[in-house]
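Quick notes on the structure that follows.
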Amino acid sequence: MPTHKGMVKLGAGLPGMLKDGYQHFSGVEEAIMRNIEAATAISKKCRTSLGPNGMKKLVINHLEKIFVTSDAATILKELEVVHPAANILVMACRMQESEVGDGTNLVCSFAGELLHQAGELIRTGLHVSEIVKGYQQAYKKFKDILESQVIRTLETEKDLDVLTSTLTSVIASKQFGHESLLTPLIARACLESMGERSDLNVDNIRVAKLLGGTLHDSSMIKGVVVLRGPMSSRKRVEDAKIAVYANEIAAAATEAKSTVLIKNADELLTYSKSEEAAIESAIRAIADKGINMIIAGGKVSEMAGHFLEKYNIMCVRITSKFELRRICRATGAAAQVKLTPPAPEEIGRCSLVYEKEFGSKHCVVLEQTDANSQISTIVLRGSTMNTLDDFERAIDDGVNAVKTLNKDKRLLAGGGAVEIECARQLLEYGQSTPGLEQYAIKKFAEALEVVPRTLAENSGKLATDVISALYKQHNAGEQCVGVDTASDNLTFDASEAKIYDLYKTKALAFELAMEAVLTILRVDQIIMAKRAGGPKPRGGNPNWDED
């Protein structure tokens, strides 16, 4: 029956309830299996990047920026995932990244494998509710097993050698072959930033990326590195007293537009002299306070530059307000908004400020020897910006690992050893469990094999041989044996090689993956409303400029 304009459509079911243009999927094949396929597909994309021998992805985002990385968090962030079920997996990975800063690939890979195993159980006739119950029962047992697998608890994370050896496996999984260069830099930067405190602010560890040279030329500086040279002829200041101005260093301009009428040459000279006198008096007053360095958040006029030279004051211009705040935090200065002398408590102090040339780039280094200084900067050298970006992501993961160690100092055996041991014990637990849930418990155990299996595949080894060798050794009581990705051997003792995984990172990764999987499995209908927005614009005439 046709409806008139203004009348409400009163049909039966969903067609009468929703606007035209909606989409509706329901049932096992349309909703559940589609969701599983979408989430599994995105999981497979990231799985090949897992571990030290993981492959890199070349991602070009919507702004045509190129990313060459094996970091799952970056890959998933730059891919515009539209499917709602796959988006749940992406959100779980983002939560892992924001909470501990590492382990995003583990979340994605394990969740995808769990869903794949659930799909096989659905095809054999098992109901989704029975799979969910089995997974929940298996995860409860898994948490107890994981806690019993802790092989070491750090007494202190303030020791450089201990921190370096602990971080080696974290960095090696991102930048294999460069961990011996990056790990000492990260450990030193974190220890310098923490000082006597037990907490670490990730924002206090800065990375300065400079093209040229190699990674061997990288260094760590306690303080801030400004990626531009000074604007004055003075290039070095010891025991610097710093005044920070958030505005430009120039003559004050009137708020309203005005016209100055000058009748003769004397009035013109008098007008310019009064402007000079105003700037000179302001800079003289600053110099009288003992200030020997000025940091400007805006432009520095030529006249102001002249008087800064006259009073032998070093001047550096900062274009980023965030960098200006970091310099204030590093030196203890308070940013001024007027060109007036700062109060004594607003003056920043720095042990040594000097210009340093990195390759062909002139930079200003604000180096602190004070134990209370919190900012540390890692100066990275490399041949391309993509390489430097990837090194920066590895450093970010390493710094977050130190922050995680401050909260939980427990360590697990790396190289897939924990996953295989948990899988072995869960298979035994599944055998002794009555009811249909035992099938889901066994599939949960099989899903845990995805980590050692992927490590083996990415290393060019035959996964079935590696898995069988691992099970053989773990059944013999060797619980710390994992996949050897560095040599031709199939397995190695992770505890002896000091290859560790952080307990908190692993535990949270499995928890988030489990939550994402249960959410996706419990969806039995997908209802998508019509997209908002008017009609698409008509294409213009491509030959508009022809006669």
Side-chain angles (χ1 to χ4, degrees), residues 185 189 205-250 279 282-283 286-287 290-333 335-336 339 342 347-369 373 375-385 388-389 391-392:
L185 293 176
I205 310 297
R206 307 308 307 164
V207 177
K209 296 176 287 187
L210 294 167
L211 286 171
T214 64
L215 190 62
H216 292 80
D217 302 320
S218 301
S219 58
M220 195 285 293
I221 292 169
K222 188 178 181 183
V224 181
V225 177
V226 181
L227 299 180
R228 60 189 304 161
M231 301 187 70
S232 56
S233 60
R234 189 172 184 182
K235 309 294 185 186
R236 183 184 178 91
V237 180
E238 294 181 7
D239 295 325
K241 288 187 175 181
I242 303 169
V244 179
Y245 294 97
N247 57 331
E248 60 184 21
I249 310 294
I279 294 179
I283 291 174
I286 293 168
I291 303 295
N292 49 20
M293 181 179 179
I294 285 179
I295 294 174
K299 68 177 184 179
V300 180
S301 68
E302 290 183 9
M303 198 180 295
H306 163 71
F307 289 114
L308 288 171
E309 290 290 336
K310 180 180 177 181
Y311 291 99
N312 197 25
I313 296 174
M314 186 177 180
C315 181
V316 179
R317 185 186 171 192
I318 304 293
T319 53
S320 167
K321 64 178 182 181
F322 301 105
E323 193 172 2
L324 201 70
R325 289 173 188 168
R326 278 191 286 272
I327 288 174
C328 288
R329 198 162 68 241
T331 59
Q336 308 291 309
L339 194 60
I347 296 173
R349 284 171 173 79
C350 187
S351 306
L352 179 63
V353 181
Y354 59 94
E355 182 188 26
K356 188 172 182 181
E357 193 173 349
F358 295 94
S360 60
K361 184 84 172 176
H362 291 265
C363 301
V364 175
V365 178
L366 289 86
E367 195 171 323
Q368 291 279 30
T369 56
S373 178
I375 306 284
S376 295
T377 303
I378 296 172
V379 180
L380 276 181
R381 306 299 307 280
S383 55
T384 65
M385 194 50 74
L388 290 173
D389 287 340
F391 285 149
E392 184 183 16

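Taking NZ of K209 as the reference point, atom CZ of F358 lies at 15.5 Å (rounded to 0.5 Å). Between the CZ atom in R325 and the CD1 atom in I318 there is a gap of 14.0 Å [rounded to 0.5 Å]. Interatomic distance, CG of L210 versus CE of M385, reported as 8.0 Å (0.5 Å rounding). We find the CD1-CG distance between I286 and L339 to be 4.5 Å, quoted to the nearest 0.5 Å. If you take CD1 on I294 and CG on L308, they are separated by 5.0 Å, rounding to the nearest 0.5 Å. Atom CD1 of I295 is separated from atom CD1 of I327 by 4.5 Å, given to the nearest 0.5 angstrom.
V237 approaches R234 most closely through the heavy-atom pair CG2-NE, 3.6 Å. Across every non-hydrogen atom of A208 and L227, the tightest pair is CB-CD2, 4.0 Å. Across all their heavy atoms, S218 and L185 have their closest contact at CB-CD1, 3.9 Å. Annotation for C315 and S232: closest pair N-OG, 3.0 Å, computed over non-hydrogen atoms. Closest approach of C363 to V225, counting heavy atoms only: CB-CG1, 4.1 Å. Across A189 and S376, no two heavy atoms sit closer than the pair O-OG, 3.3 Å.
For F391, the ring-ring contact (aromatic ring centres under 6.0 Å, His included) partners are H178, not counting sequence neighbours. Under the salt bridge (Lys or Arg N to Asp or Glu O under 4.0 Å) criterion, R381 pairs with no residue at all, not counting sequence neighbours. Annotation: salt bridge (Lys or Arg N to Asp or Glu O under 4.0 Å) contacts of E238 (sequence neighbours excluded): R236. Applying the salt bridge (Lys or Arg N to Asp or Glu O under 4.0 Å) test to K241 and every residue at least two apart in sequence or in another chain returns nothing.
Residues in residues 348-364 take part in no salt bridge (Lys or Arg N to Asp or Glu O under 4.0 Å) pair, two or more places apart or across chains. Within the structure, side-chain hydrogen bond (donor to acceptor under 3.5 Å, both in side chains) contacts touching residues 302-318 (residues at least two apart or in different chains) are S233-E309, E280-K310, E280-Y311, R284-Y311.
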For this session: Starting from the C-alpha separation in whole Å, work towards a yes-or-no answer on side-chain contact (heavy atoms from CB on, under 4.5 Å) for I242 and L366.
Result: CA-CA 11 Å; I242 303 169; L366 289 86; 4.1 Å; yes

Exercise. When you look at L352 and V365, which way does the side-chain contact (heavy atoms from CB on, under 4.5 Å) test go after all the steps?
Worked result: CA-CA 8 Å; L352 179 63; V365 178; over 6 Å; no

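In this structure, Q368 contributes its side chain and A330 its backbone to a donor-acceptor pair below 3.5 Å. Side chain of S351 to backbone of T369: a donor-acceptor contact under 3.5 angstrom is found.
Enclosure of atom NZ in K321 is not indicated, since only 12 or fewer non-hydrogen atoms of other residues, nucleotides or ligands lie within 6.0 angstrom.
Contact annotation: the side chain of K235 approaches that of P230 to within less than 4.5 Å [non-hydrogen atoms, C-beta and beyond]. Side-chain contact between I375 and R206: present, with at least one pair of heavy atoms (C-beta onward) separated by less than 4.5 Å.
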